[in-house]
Amino acid sequence: MIHTVGPIWKGGNNNERELLASCYRHSLWLAMCLGVRTISFPAISCGVYDFPIEEAAQISVRTIRESLAQSTGIELVKLVAFDDSNFVAWQRAVG
């Protein structure tokens with residue numbers, strides 16, 4: 001298990017977007033270093049930290065794609081939705 005703490009949404013003017021991208025980027029980097037081939041992510045910061053799910057979904061998908069394009073080793077990334085709004089937002093983000 002790789003644990004990351006996402007940013008608390010404070011309106012979007014406190015570097016929250018870059019902090020969230022960093023959570024995904026660093027977790028993927030660590031997974032690659034450890035030889036992990038499959039990794040799952042929840043919607044980081046979208047629960048009690050109030051990050052807007054549509055924006056978070058775009059950030060997570062973009063960051064995952066960018067990270068995987070630069071590295072090899074990870075074969076599968078799962079996005080685990082804890083409710084319908086997360087699922088729909090990720091569907092939109094993935095395209």
Side-chain angles (χ1 to χ4, degrees):
M1 177 176 287
I2 297 170
H3 180 74
T4 187
V5 177
I8 298 171
W9 181 259
K10 296 178 181 177
N13 297 315
N14 294 288
N15 205 31
E16 296 100 306
R17 292 169 186 90
E18 179 52 38
L19 291 170
L20 181 61
S22 179
C23 289
Y24 286 97
R25 198 169 27 253
H26 187 76
S27 294
L28 287 164
W29 172 82
L30 186 55
M32 286 181 245
C33 290
L34 294 170
V36 171
R37 295 170 62 165
T38 300
I39 188 168
S40 300
F41 287 106
I44 299 170
S45 288
C46 293
V48 297
Y49 287 177
D50 289 330
F51 210 107
I53 182 57
E54 292 290 335
E55 195 166 353
Q58 293 293 324
I59 291 167
S60 65
V61 170
R62 180 178 58 248
T63 305
I64 291 166
R65 285 179 172 157
E66 289 170 355
S67 294
L68 294 181
Q70 297 174 7
S71 302
T72 59
I74 295 179
E75 298 172 2
L76 179 63
V77 176
K78 295 179 183 181
L79 300 171
V80 182
F82 49 78
D83 64 22
D84 289 341
S85 65
N86 287 193
F87 182 77
V88 170
W90 268 331
Q91 277 187 312
R92 287 188 193 120
V94 168

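Bear in mind the structure is a predicted one, so any value in this text is a computation, not a measurement.
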Original post:
What heavy-atom pair brings Phe82 and Gly47 nearest, and what distance separates the two atoms?
Top reply: CZ-N, 4.2 Å

Original post:
Is a side-chain donor or acceptor of Ser22 paired with a backbone partner of Glu18 at a separation under 3.5 angstrom?
Top reply: no

Original post:
Among the clusters formed by ILVMFWY side chains lying less than 4.5 Å apart, do Ile64 and Ile2 turn up in the same one?
Top reply: yes

**OP:** Answer yes or no: is there a side-chain heavy-atom contact under 4.5 Å between Leu68 and Arg65?
**Re:** no

Subject >> Interatomic spacing from OG in Ser45 to CD in Glu16 - rounded to 0.5 Å >> reply: 9.5 Å

**OP:** Please step through side-chain contact (heavy atoms from CB on, under 4.5 Å) for the pair Trp9 and Arg17, ending with a clear verdict.
**Re:** CA-CA 9 Å; Trp9 181 259; Arg17 292 169 186 90; 3.5 Å; yes

Subject >> Smallest separation among heavy atoms of Cys23 and Gly6, with atom names >> reply: SG-CA, 3.7 Å

Original post:
Taking the side chain as C-beta and beyond, is there a heavy-atom pair between Pro7 and Phe51 under 4.5 Å?
Top reply: yes

Original post:
Residues two or more places apart in sequence or in another chain: which of them pass side chain to side chain donor-acceptor pair (under 3.5 Å) with Asp83?
Top reply: Ser85, Asn86

Original post:
Are Val36 and Leu30 grouped together when hydrophobic residues (ILVMFWY) are joined by side-chain heavy atoms under 4.5 angstrom apart?
Top reply: yes

Subject >> Gap separating the OG1 atom of Thr4 from the CG atom of Leu19, nearest 0.5 angstrom >> reply: 10.0 Å

Original post:
Should Val80 and Val5 be counted in the same cluster of Ile, Leu, Val, Met, Phe, Trp and Tyr side chains packed under 4.5 Å apart?
Top reply: no

Original post:
So if you build clusters from Ile, Leu, Val, Met, Phe, Trp, Tyr with side-chain heavy-atom gaps below 4.5 Å, do Val94 and Ile39 land together?
Top reply: yes

**OP:** Tell me, with the steps shown, if Leu28 and Thr63 meet side-chain contact (heavy atoms from CB on, under 4.5 Å).
**Re:** CA-CA 10 Å; Leu28 287 164; Thr63 305; 5.5 Å; no

Original post:
Applying the 4.5 Å side-chain criterion to the ILVMFWY set and letting contacts propagate, would Phe41 and Leu76 be lumped into a single cluster?
Top reply: no

Original post:
What heavy-atom pair brings Ala57 and Ala89 nearest, and what distance separates the two atoms?
Top reply: CB-O, 3.5 Å

Original post:
If you round to the nearest 0.5 Å, how far is CG of Leu79 from CD of Gln91?
Top reply: 11.5 Å

**OP:** For the pair Ser27 (side chain) and Tyr24 (backbone), establish whether a donor and an acceptor sit closer than 3.5 Å, ignoring hydrogens and angles.
**Re:** no

